[in-house]
There are 2 protein chains.
Amino acid sequence: MTGGFRQEDPFFMISRRRHAFQFFEKSFVAQASGGAAASGASPRIEAPDSVPQWGMFEMKITGLPAETRGVEATFLVKGADISEWAEGFRDGDQWRVRFMPRYRGKYHYVIELDGGEMLHDTFEVTDPEPGMHGPVRVANQYHFAHADGTPFYPVGTTCYAWLNQPEPIRRQTIETLSKGYFNKIRFCVFPKHYVFNEKEPDLYPFLPKDGGEREYDWDYTRPNPAYFARIDEAVETLGKLGIECDLILFHPYDKWGFSNMPPEANDFYLTYMAARYGAYANVWWSFANEYDILKDKTVDDWEHYAWLIQEKDPYDHLRSIHNCVPFYDHTKPWITHCSIQRQDFYVCAELTDQYRAKYGKPVVLDEIQYEGDIPYMWGNIAGPELVRRFWEATVRGGYATHGETYVGYDDVLWWSHGGKLRGDSAPRLKFLKDILYQTPGRGLRHTTQEWDDDVACAEDDPDYLLFYFGRNQPKYRDFNSLDPEASYHVEVIDTWNMTVDDRGVLKGRFHLDLPGKEFTAIRVVKVK
Amino acid sequence: MTGGFRQEDPFFMISRRRHAFQFFEKSFVAQASGGAAASGASPRIEAPDSVPQWGMFEMKITGLPAETRGVEATFLVKGADISEWAEGFRDGDQWRVRFMPRYRGKYHYVIELDGGEMLHDTFEVTDPEPGMHGPVRVANQYHFAHADGTPFYPVGTTCYAWLNQPEPIRRQTIETLSKGYFNKIRFCVFPKHYVFNEKEPDLYPFLPKDGGEREYDWDYTRPNPAYFARIDEAVETLGKLGIECDLILFHPYDKWGFSNMPPEANDFYLTYMAARYGAYANVWWSFANEYDILKDKTVDDWEHYAWLIQEKDPYDHLRSIHNCVPFYDHTKPWITHCSIQRQDFYVCAELTDQYRAKYGKPVVLDEIQYEGDIPYMWGNIAGPELVRRFWEATVRGGYATHGETYVGYDDVLWWSHGGKLRGDSAPRLKFLKDILYQTPGRGLRHTTQEWDDDVACAEDDPDYLLFYFGRNQPKYRDFNSLDPEASYHVEVIDTWNMTVDDRGVLKGRFHLDLPGKEFTAIRVVKVK
């Protein structure tokens, strides 16, 4: 494979899958035969006997001829009319095939090699381990849930280039993330060159071209095994922490050439990413950070990348594309949710319900200015203001993403490098996440309720109301539009000091004294 | 005049003025005669011998027949080709004619009575007293200056119904205003009926109809002398404090009928207001508070009122009209400046430069949510947020207006009743006012300067820059676009703690450490 790009012909793959089926039918499905050892001489599969549902099942295949064009496995769930497939990828000297089983029970698989030879075996898919719920999908149009139906309320953060930092900082990052502030993280596959990001990474994603003379002259057919092993480890570790990885496939902050590789290199890279990371339950595809700054890429290019990832990712992971200024057309069918950077300097979270109405999809505000104090206005708001924006997005039926950019800590800024958090917002965002996980589960939406339409207020069903007053600080409120015959459990929430003041069960229409402070919320739940 | 409306015929008035001229020419201008005593038997003028320029010169005329339709005085500045006029108004048993002289020197005046009789006299216009600069005009398209050219930077407040409160509260209001926080106040001529405003006023603007049986059955031809005497005193007292009175002519919060008087009563009232208050230098005409809530009044009505005030106010005081939701068409020629209530819940001050561009006039944000803690969202933001909005309006080349609505002080809320201030913003607004009065004087405008266009920044000339970071909190900034050869006096301003940190004179391009706190401004002035 070295020295040339693999031709990706969908019909070739379809024909392969048909062969594999015929093999299943002939050799062991029809005969109900058990797992057979890999036949043939030198090629050998190393794979576990079992994997939990939604876990990552990996086969390492050694002994394949160097000229092997590709490896694909076809899977059949025993006793069910379900077949699945996975493409392998070359990782240094060996091939790997990764697969995420969606069903419990016994799986058969077969790998057809170029010479027509078949490797095949079986494995058992066991119950998922605690906390494993499968990939996140869109649920109830504007929200998210895992494949097993468990709601997922994203409260994300951003560490664009954390994997390109020295090991002690990477370890700190994981320590920080293990505190449970966030359940989603955005980071780049490629290293980053930008303000506060001017050091060379210790590893590069591709190996240098054999005999290449220029600096940064890459062999785009040879991904660097060590580079991607680090990403593997990160995705796996984060998965165990319950954190979704919003993998940024392309970004413009580049001095090495990864933002404008040749078309066949981009295709190879995306195919490789799908094969390598698609089998992790906690992966989302973010096609770009600031797609519009990648001036060499056209809308046709992005549409092609999206088509390719859809072709190559059999798990249909979430897909989005993040803007600098103009939004990508989020109505495109391949986009599962809006990944938004604020367009206006002052309002963004405040427009969440408008974005929902316009695009009919979940809204994730992935960049709404970071908590910090750098000179750039995209990264110097205070903790209370960032938390306010999260709440504003929440009560308007959307989600937001954290980032932190404080200077003065040895040039380690969370937003890009990870490390330690220096600000005030993270514990408050965890508090908000807890509140979200206490909602009934259908997802919030903005509504006008009580008083005039000024009040930011959300409900997901008529019996659950969450009011948020942001920078308004009422000293009291009279509730006059609830069912006068019903009873409501009322709590006053200080979203900054993270307290919930239980006001007990109140009948229908009531007067509520409030703290007269900014950042107050009220939770009103009908007692049934 | 009782029992019928005066017919206002502009041609009638023009013909009167022509008569007065002929009288001047014949009787004393041609003969250069000095002040003559009022001729005739019973009618008598009482007037001072002198008045400062921009002061209010008042003649009291007694002894006129009860059926007198109107009184007009014509004035001639001795030795200059300048004539002016003033309409009088009946005030109980007497008539008053008020006049504000724009020139220094000797004035002649003559009053032609219905029977053709002429009352005439002279008076001396002396130098203005300290602080008297004449009425405020639009200056440099988007800004204001007094008639003598002194810039006026409005930092206003709102006490809608303060004159309808008991005397001790009115006295407190004046005490509070005398502290110099504000140089403009909005208040209503008519009493107000609304939330927190449900007590009957002690006085009404009109006397009850003779023989009227209904409650609130007014004789709209008979203004209540005591009611208007209180307004006179207020306007005069505020004038001495350097405070402009934005007199609200109509408003919807009414239970007495003043918001929907018959057309002829409205005309009489406006004519009366022009005659009674036009001669005060510190009066602005606000045609309405929330014109769009006055459902009985059409655009034609408002245009008619505007025409009438222009006819009747020879001093051409500033004119505006304030909205609840839709703006009035501020491009109308009679509107001197935009008086704006926020339309969006989140942004208003942030749109100041857009309003300027759209209307080509000064922008005064007269209602942008009040500091306070009432349950209504229009009156419960915190002090820092209100001050932020003022600064945001400032650096975008406009002006804003304060109001305060804290509950818990015996139902006295500054926004309507006056009294004492309970919040935090007023001293900070005075601080801002001081900063404004230290600008070079051409008025600020928004500009993009340094870094990207995110930064809120204003300049009125290339050598004066005022940056404001609002809720952004940069720890430092590098200035790279100033003249590298020039020197600049640099000050870092904490707009909340009201400190100015002098960083001395810096050369051209410089690095500036900043507090990394919200609400920081930087003043950069080229050293010449």
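Sequence lines set the chain letters: A, B, ... in the order given, protein chains first and strands last, and positions in each chain run from 1. In this text the structure is predicted, and so the values were computed from the model without any measurement.
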List the atom pairs, with distances to 0.1 Å, where a side-chain N or O of residues 407-416 of chain A and a protein N or O form a donor-acceptor pair under 3.5 Å, not counting sequence neighbours.
{"unit_1": "A/Trp414", "atom_1": "NE1", "unit_2": "A/Thr157", "atom_2": "OG1", "d": "2.9"}
{"unit_1": "A/Ser416", "atom_1": "OG", "unit_2": "A/Asn197", "atom_2": "OD1", "d": "2.7"}
{"unit_1": "A/Ser416", "atom_1": "OG", "unit_2": "A/Asn197", "atom_2": "ND2", "d": "3.3"}

Next on the checklist: Does any part of the side chain of B/Met377, heavy atoms only, come nearer than 4.5 Å to the side chain of A/Phe469, both counted from C-beta?
Outcome noted: yes
Checklist entry - With only heavy atoms counted, which part of A/Ile381 is less than 4.5 Å from chain B, the side chain, the backbone, both or neither? => result both
Checklist entry - Just wondering, do A/Phe345 and B/Asn472 contact through their side chains at under 4.5 Å, heavy atoms? => result yes
Checklist entry - In terms of heavy-atom pairs under 4.5 Å, which option from B/Ala382, B/Gly470, B/Pro384, B/Gly379 contacts chain A the most? => result B/Ala382
Item to check | Reported NZ-to-CG distance for the pair B/Lys517 and A/Asp373, which is rounded to 0.5 angstrom | outcome: 13.0 Å
Checklist entry - In Å and rounded to the nearest 0.5 Å, what is the CD to CZ distance from B/Gln369 to A/Arg471? => result 12.0 Å
Item to check | Heavy-atom closest contact (A/Pro474 atom, B/Pro375 atom, distance) | outcome: CB-CA, 3.9 Å
Checklist entry - At a heavy-atom separation under 4.5 Å, does B/Gln473 approach chain A through its side chain, its backbone, both, or neither? => result both
Checklist entry - What pairs with B/Ala521 under side chain to side chain contact (heavy atoms under 4.5 Å, CB included), at least two apart in sequence or on another chain? => result B/Trp391, B/Tyr468, B/Ile493, B/Thr495
Checklist outcome for this item: In this structure, CD1 of A/Ile374 is separated from OH of B/Tyr476 (nearest 0.5 Å) by 7.5 Å
